[in-house]
Amino acid sequence: MKIVGGPASQLLASRTARALGTDSVLCEFNRFPDGELYLRIADETENEIVTLIQSTPTDSDLVSLLQLIDACEGAKKLNVVIPYMGYARQDKKFKPGEPISARAVARCINADRIFTVNIHEKSVLEHFPAPAENLDAAKLLGEYIAGFGLENPILVAPDAGAEGLVKNVSSGLGFDYDHLQKTRLSGDTVIIKTKNVDVTGRHVVLVDDMIATGGTMAESIRMLRDQGAVDVYLACVHPVLARNAVLRLFNAGVRDIISTDTLEKAESRLSVAPLIAEALKRL
C-alpha cells in the first residue's frame, strides 16, 4: 500500500506510513501565478493500492484532495482518509434555497473506501458514494489524559450532546464524567455548572470533538474555576482554534490544551496515526 499525504496532513501521513512499516509518497504542492493550485504525486500509482490522507479545513485543502483523487485515477484500489472534514457541521437545510454543504462535499469524494475521524455529524457518512467508516479517537485521548497522573480527575462535556464522547474517553479508565448545564436565572444572568458532580478541589478536563473559536469553552473554564476546580484542561480531537482562540482560552485560565493531529497545530500532542493504520490493516 502506498500512503500519500496531502498538504494539510503531511505529518499524519508520514506517521501512518511508519506505523504500517512503509514510507509516505512524496508530493509536490505549488500555486500558479493566478493562485490556482498545482499538485503532483512523485511516484507511480497505476495499478497500486493507494491511501490518500488529507484533512480539509479550508477550501484549498478540499481542492487539493480532489486533485489527489484525480491523480490516482489508475490506482488498483483507492482509500481516502479525511481526518478532519470541513463542512461536516453543515448537515441540514434551515432556510429555503440553502445547500446541504456536507452532502455536496461528500458526493465529490470518489474512492473505494472512505474514513473519517470523529466526524461532527455521523449522518454525513451516508452521503459518500462509497462505503465510509468513522474512526473514534476517544480511547487515544483517554490514554493520554491518564498519562498525566492527575489525582481524582473528572472529565466534563460542554453539553449533554457531547457526553457520549466523554463517556468513551473515560471508558475503562475509571474516571468520573459529567456534562455542563446552563441555567438561566434572569433575562441576562446564566450560570453554567456540572449537572451531577461537584468539581470543588478536583482537576477538570473539558472534552469535546472540536474547539473552534473557544468562546463557550472560555466561559466554561471561568465558571469551573469559580466553582473551586483546582485546574481546568481542554482535550479535543480537532484543534480548529480559529483566530485568537488559544489566547482566549489561556486568558480564561486553562491549564493546557490537548488535541490530536487531525489538524496539525502546536497543540496536537497525540497522533491518530495508529488508529488509521489499524483500520487500513483490516482492509
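- S64 places no side-chain N or O within donor-acceptor distance of the main-chain N or O of G6, the cut-off being under 3.5 Å.
- The nearest pair of heavy atoms linking L165 to D208 is CD2-C, 3.5 Å.
- For R18, the CZ atom counts as loosely surrounded, since its 6.0 Å shell holds 12 or fewer non-hydrogen atoms of other residues, nucleotides or ligands.
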Next item on the list: Verify side-chain contact (heavy atoms from CB on, under 4.5 Å) between V246 and E267, making sure each step is shown before the conclusion.
Entry: CA-CA 9 Å; V246 172; E267 296 77 19; 3.6 Å; yes
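- At a threshold of 4.5 Å between non-hydrogen side-chain atoms, the residues L66 and I109 count as touching.
- Nearest heavy atoms, D112 versus A130: O-CB, 3.8 Å.
- Residue R89 places its CZ atom among 12 or fewer non-hydrogen atoms of other residues, nucleotides or ligands, all under 6.0 Å distant.
- Counted within 6.0 Å of CD on E151, heavy atoms from surrounding residues, nucleotides or ligands total 12 or fewer; the atom is thus considered open.
- Interatomic distance, CE of M210 versus CD1 of I119, reported as 9.0 Å (0.5 Å rounding).
- For K167, the NZ atom sits in a loose shell: 12 or fewer heavy atoms of surrounding residues, nucleotides or ligands are nearer than 6.0 Å.
- The pair R269-D261 fails the salt-bridge criterion, with no side-chain N (NZ, NE, NH1 or NH2) lying under 4.0 Å from an Asp/Glu carboxylate O.
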Scan the side chains in residues 220-229 for donor-acceptor partners under 3.5 Å anywhere in the protein, sequence neighbours excluded, and list what turns up.
unit_1: S220; atom_1: OG; unit_2: T216; atom_2: O; d: 2.9
unit_1: R225; atom_1: NH1; unit_2: G253; atom_2: O; d: 3.3
unit_1: Q227; atom_1: NE2; unit_2: I192; atom_2: O; d: 2.6

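- With hydrophobic clusters built from ILVMFWY side chains whose heavy atoms lie under 4.5 angstrom apart, V272 shares a cluster with V207.
- Closest approach of A137 and V117 over heavy atoms only: CB-CG1, 4.2 Å.
- Using a 3.5 Å distance cut-off with no hydrogens or angles, the side chains of D61 and T56 do not pair a donor with an acceptor.
- Side-chain atoms of S55 do not come within 3.5 Å of backbone N or O of P57 as any donor-acceptor pair.
- Residues L155 and I258 share a hydrophobic cluster, clusters being chains of Ile/Leu/Val/Met/Phe/Trp/Tyr side chains in contact below 4.5 Å.
- To the nearest 0.5 Å, atom CD of residue E264 and atom CZ of residue R15 are 7.0 Å apart.
- Not counting sequence neighbours, F94 has no partner by the ring pair (Phe, Tyr, Trp, His ring centres under 6.0 Å) test.
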Next item on the list: In sequence, state the C-alpha distance, the side-chain angles, and the governing distance for T51 and N79, and then conclude on side chain to side chain donor-acceptor pair (under 3.5 Å).
Entry: CA-CA 5 Å; T51 295; N79 307 307; 3.1 Å; yes
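- Residues P158 and M217 are in side-chain contact: their nearest non-hydrogen atoms beyond the backbone lie under 4.5 Å apart.
- To the nearest 0.5 Å, atom CG of residue N196 and atom NE2 of residue H179 are 7.0 Å apart.
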Next item on the list: I would like to know whether F32 and L37 meet side-chain contact (heavy atoms from CB on, under 4.5 Å); could you show each step before the answer?
Entry: CA-CA 6 Å; F32 290 105; L37 296 169; over 6 Å; no
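- Proximity of a side-chain donor or acceptor of K265 to a complementary backbone N or O of V240 within less than 3.5 Å is detected.
- Of all heavy-atom pairs spanning T200 and D198, the tightest one is OG1-OD1, 2.8 Å.
- Of the possible polar contacts, one joining the E98 side chain to the K95 backbone as a donor-acceptor pair under 3.5 Å is found.
- Taking OG of S60 as the reference point, atom CZ of R31 lies at 4.0 Å (rounded to 0.5 Å).
- By the criterion of side-chain heavy atoms lying less than 4.5 angstrom apart, applied directly or through intervening Ile, Leu, Val, Met, Phe, Trp or Tyr residues, V50 is not grouped with F115; the two fall into different hydrophobic clusters.
- Interatomic distance, Q90 CD to I100 CD1, rounded to the nearest 0.5 Å: 10.5 Å.
- Within the structure, ring-ring contact (aromatic ring centres under 6.0 Å, His included) contacts touching residues 220-278 (residues at least two apart or in different chains) are Y84-H238, F148-Y233.
- Each of L275 and L11 belongs to its own hydrophobic cluster when Ile, Leu, Val, Met, Phe, Trp and Tyr are linked at side-chain heavy-atom distances under 4.5 angstrom.
- In this structure, S259 contributes its side chain and C236 its backbone to no donor-acceptor pair below 3.5 Å.
- Each of L283 and L52 belongs to its own hydrophobic cluster when Ile, Leu, Val, Met, Phe, Trp and Tyr are linked at side-chain heavy-atom distances under 4.5 angstrom.
- Counting heavy atoms from C-beta on, the side chains of D43 and L26 never come closer than 4.5 Å.
- Looking only at side-chain heavy atoms (C-beta outward), I41 and L68 come within less than 4.5 Å of each other.
- Scanning both residues, L20 and A277, for their nearest heavy atoms gives CD2-O, 3.7 Å.
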Note to self: For V232 and R255: C-alpha separation, side-chain torsions, deciding distance, then whether side-chain contact (heavy atoms from CB on, under 4.5 Å) applies.
What the structure shows: CA-CA 6 Å; V232 181; R255 176 73 173 186; over 6 Å; no
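- With a 4.5 Å cut-off on side-chain heavy atoms, P239 and I257 do not count as touching.
- When atom types are taken as modelled, the side chain of T194 and the backbone of V197 share a donor-acceptor pair closer than 3.5 angstrom.
- Residues I53 and T16 form a side-chain contact, since some pair of their non-hydrogen atoms from C-beta on lies under 4.5 Å apart.
- When all heavy atoms of I69 and L78 are compared, the pair lying nearest together is CG2-CD2, 4.0 Å.
- A heavy-atom distance below 4.5 Å is not found between the side chains of Q67 and Y38.
- Using a cut-off of 4.0 Å between Lys/Arg side-chain N and Asp/Glu carboxylate O, E133 and K122 are scored as not salt-bridged.
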Note to self: Run Y87 and D59 through side chain to side chain donor-acceptor pair (under 3.5 Å) and show every step you take.
What the structure shows: CA-CA 10 Å; Y87 291 96; D59 295 345; 2.7 Å; yes
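- Applying side-chain hydrogen bond (donor to acceptor under 3.5 Å, both in side chains) to N118 and the options N134, D136, D209, T262 leaves one that passes, D136.
- For the pair L206 and V254, the minimum side-chain heavy-atom distance is 4.5 Å or more.
- The backbone N or O of I82 sits nowhere less than 3.5 Å from a side-chain atom of Q54 that would complete a donor-acceptor pair.
- Between the side chain of S9 and the main chain of P83, no donor-acceptor pair closer than 3.5 Å is present.
- When atom types are taken as modelled, the side chain of S268 and the backbone of T260 share a donor-acceptor pair closer than 3.5 angstrom.
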Notebook entry, point to check: Do I276 and L12 pass the side-chain contact (heavy atoms from CB on, under 4.5 Å) test, and can you show the C-alpha distance, the side-chain angles, and the key distance before you say yes or no?
Noted result: CA-CA 10 Å; I276 295 170; L12 177 54; 4.0 Å; yes
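- Here K2 does not pair with E44 in a salt bridge; the nearest charged N to carboxylate O distance is not below 4.0 Å.
- The distance from the CG atom of L280 to the CZ atom of R113 is 10.5 Å, given to the nearest 0.5 Å.
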